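Here the structure is laid out as structure tokens; the discussion comes afterwards.
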2 protein chains.
Amino acid sequence: MSSHVRVGAVEHRPLYLGLAAELRAAIVDGGHPPGSLLPSEAELAAAHGVSRGTVRHALSLLAAEGAVASRQGARSVVLARPRTQSFGELLSFSAWARSLGEEPRGRMVELRRRRATDAEADRLAIRAGDAVFGLVRVRLLGAVPVMIERTTFVESVGELLGELRLEVDSIYERLAERGVVFAHARHVIEALPADARDAALLDIPEGTPLLRQQRRTTSPDGTPLELSDDRYLGTAVSFVISNSVVQTSLERVRGAGEEG
Amino acid sequence: MSSHVRVGAVEHRPLYLGLAAELRAAIVDGGHPPGSLLPSEAELAAAHGVSRGTVRHALSLLAAEGAVASRQGARSVVLARPRTQSFGELLSFSAWARSLGEEPRGRMVELRRRRATDAEADRLAIRAGDAVFGLVRVRLLGAVPVMIERTTFVESVGELLGELRLEVDSIYERLAERGVVFAHARHVIEALPADARDAALLDIPEGTPLLRQQRRTTSPDGTPLELSDDRYLGTAVSFVISNSVVQTSLERVRGAGEEG
DNA sequence: CAGTGGTCTAGACCACGTG
DNA sequence: ACGTGGTCTAGACCACTGA
């Protein structure tokens with residue numbers, strides 16, 4: 001049944017991704033509404049001309065998204081309409097804004113080449129005093145400022161920033177085109193009051209609750225690429241996380257700032 | 001594998017879980033420090049007498065925890081020491097507190113059988129006006145109040161609460177003993193200012209930033225069991241998320257050609 | 001180039017759930 | 001009792017990494 005229409009550059013997409021996309025679309029379109037049961041794995045395998053292992057791989061993706069749940073002995077159930085994929089959206093304000101139907105905008109506050117502090121050097125796996133690039137932007141949804149983004153890039157990545165139009169570009173999308181791949185991220189989320197600078201940049205009273213997302217992102221081989229401290233207006237943004245007994249992506253740790 | 005003797009009512013744990021636990025322990029103990037490369041999948045398979053598929057299953061768990069990363073063509077690398085995390089710790093303040101070496105404590109504020117609001121009924125998949133149990137507790141670490149827990153249980157679960165000593169017991173652990181299984185959860189996390197009641201319960205000034213975690217938990221088959229609104233002192237607690245690029249996140253359907 | 005992980009298949013047995 | 005998902009094996013080919 002496979003339609004091998006090959007367009008442009010895109011070549012081999014793994015079968016399980018195509019199957020997952022198809023099932024995801026069927027759930028979103030209402031073909032498999034929440035609460036309904038999916039066809040059995042054997043049926044899906046036969047219908048798509050793939051092995052059961054491939055079907056299970058596809059279903060495991062949907063399970064990780066919180067879209068379906070499976071139990072031994074019973075058919076998988078649809079839990080909810082899946083949200084758009086998380087990784088890119090957790091990283092990229094632009095991608096996230098567009099998924100909301102908003103036009104992502106930004107205001108550049110500062111881009112500066114400087115020396116890494118000891119804490120930064122440690123977390124970026126470089127030497128203290130090595131050069132890094134610090135970037136500060138205020139991001140808007142519509143006309144409203146909703147977050148402050150303070151990012152520290154390692155030198156090799158930061159050097160590429162000069163070519164970008166930082167007022168509008170999505171850094172992550174542009175860097176991806178240049179071969180800089182962000183593959184893993186660790187986020188620490190907490191609440192804190194806006195300090196004087198936060199308040200000025202977001203045009204809010206000092207002390208307003210902000211949601212802080214600290215992030216450390218690495219390349220596929222684990223090399224640190226950036227640190228980020230993003231502060232969202234608590235009323236404008238929230239994070240959604242789904243987890244299951246087997247799949248846990250969320251962890252609660254004792255606070256006190258600094259992620260070590 | 002070779003002759004394995006069944007001893008009585010041996011509980012048999014899947015091989016991939018045992019292998020994952022072993023690798024996790026080796027990483028924590030320093031046998032595989034962050035930055036180091038793991039043995040190849042073939043070597044791990046041979047060393048443990050299992051197939052490569054089982055090894056991959058185990059590694060996928062560690063990858064989901066953010067402990068290891070793998071790329072095609074290269075050996076998997078250790079990213080970080082995994083923090084212990086179980087689904088239970090996410091739900092259960094008690095389990096989490098104990099993992100910190102603290103004695104979990106709580107102060108019961110209210111337990112009441114009442115009628116579900118429309119919004120609650122909708123999210124719990126029951127009829128508006130059906131009976132639910134509302135529970136409010138203040139949880140302490142040491143002597144310090146760090147969170148307010150407001151939970152709404154469906155009737156069948158709430159009925160079991162009467163038997164518990166809510167000042168000390170972990171609800172989730174006790175309910176698990178009674179066969180109530182919490183399997184999936186969806187969390188919404190945001191920042192908000194403490195209102196007058198929050199402030200009184202936590203003994204803090206009104207307006208103090210709190211981290212709110214709203215949660216909806218379901219049984220393995222997707223039946224909603226509880227809603228919860230937990231508010232943490234922003235300075236006492238933070239959440240950590242690890243994620244990786246799953247190929248699904250690269251999936252982007254665009255009509256026209258790929259333009260830079 | 002050899003080694004490695006990524007994908008996929010085919011088949012097997014088991015534990016569980018539902019009628 | 002039967003169908004279902006959960007686990008596991010063995011083997012195959014490919015795409016990629018790294019010396």
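Within every chain, numbering begins at 1; the chains are lettered A, B, ... in the order of the sequence lines, protein sequences first and strands thereafter. All of these numbers come straight from a predicted model, not from anything done at the bench.
Proximity of A:Thr54 to the phosphate of C:dT9: a side-chain N or O atom is located under 4.0 Å from OP1 or OP2. Regarding contacts with the backbone of C:dG6, a side-chain N or O of B:Ser70 is found under 4.0 angstrom from either OP1 or OP2. Between B:Arg75 and the phosphate of C:dT4, there is a side-chain N or O to OP1/OP2 separation shorter than 4.0 Å. Residue B:Arg56 places at least one side-chain N or O under 4.0 Å from the OP1 or OP2 atom of C:dG6. The phosphate of D:dT7 has OP1 or OP2 within less than 4.0 Å of a side-chain N or O from B:Tyr16.
Atom pair A:Leu37:CG and C:dG19:P shows a separation of 10 Å (rounding to whole Å applied). Between the NE2 atom of A:His57 and the C1' atom of C:dA10 there is a distance of 18 Å, rounded to whole Å. Atom CG in A:Leu61 sits roughly 13 Å away from atom C1' in C:dG6 (whole-Å rounding). To the nearest angstrom, C1' of C:dT7 lies 10 Å from CG of A:Leu17. As rounded to whole Å, 15 Å separates atom P of D:dG5 from atom CG of B:Asp221. A straight line from CD of B:Gln72 to C1' of C:dG6 spans 5 Å, rounded to a whole angstrom.
If B:Gly73 and A:Ala74 are placed on DNA chain C by their nearest nucleotide, the residue sitting closer to the 5' end is B:Gly73.
The side chain of A:Glu41 approaches D:dG6 more closely than any other nucleotide in the set D:dG6, D:dA15, C:dT4. Side chain of A:Leu15, nearest nucleotide from C:dT9, C:dA15, D:dT9: C:dT9.
Classified by interplanar angle (parallel below 30°, tilted 30° to 60°, perpendicular above 60°), the ring pair A:Phe182/A:Tyr172 is perpendicular.
Of all heavy-atom pairs spanning B:Thr54 and B:Leu15, the tightest one is CG2-CB, 3.9 Å. Residue B:Leu79 comes nearest to A:Gly222 through the heavy atom pair CD2-CA, 3.4 Å, listed as atom of the first residue, atom of the second, then distance.
A salt bridge links A:Glu226 to A:Arg215: at least one charged side-chain nitrogen sits closer than 4.0 Å to a carboxylate oxygen.
On a pure distance criterion of 3.5 Å, no polar donor-acceptor pair joins the side chain of B:Arg52 and the base of D:dG11.
Side chains of A:Leu161 and A:Leu111 form a contact here, defined as non-hydrogen atoms less than 4.5 Å apart.
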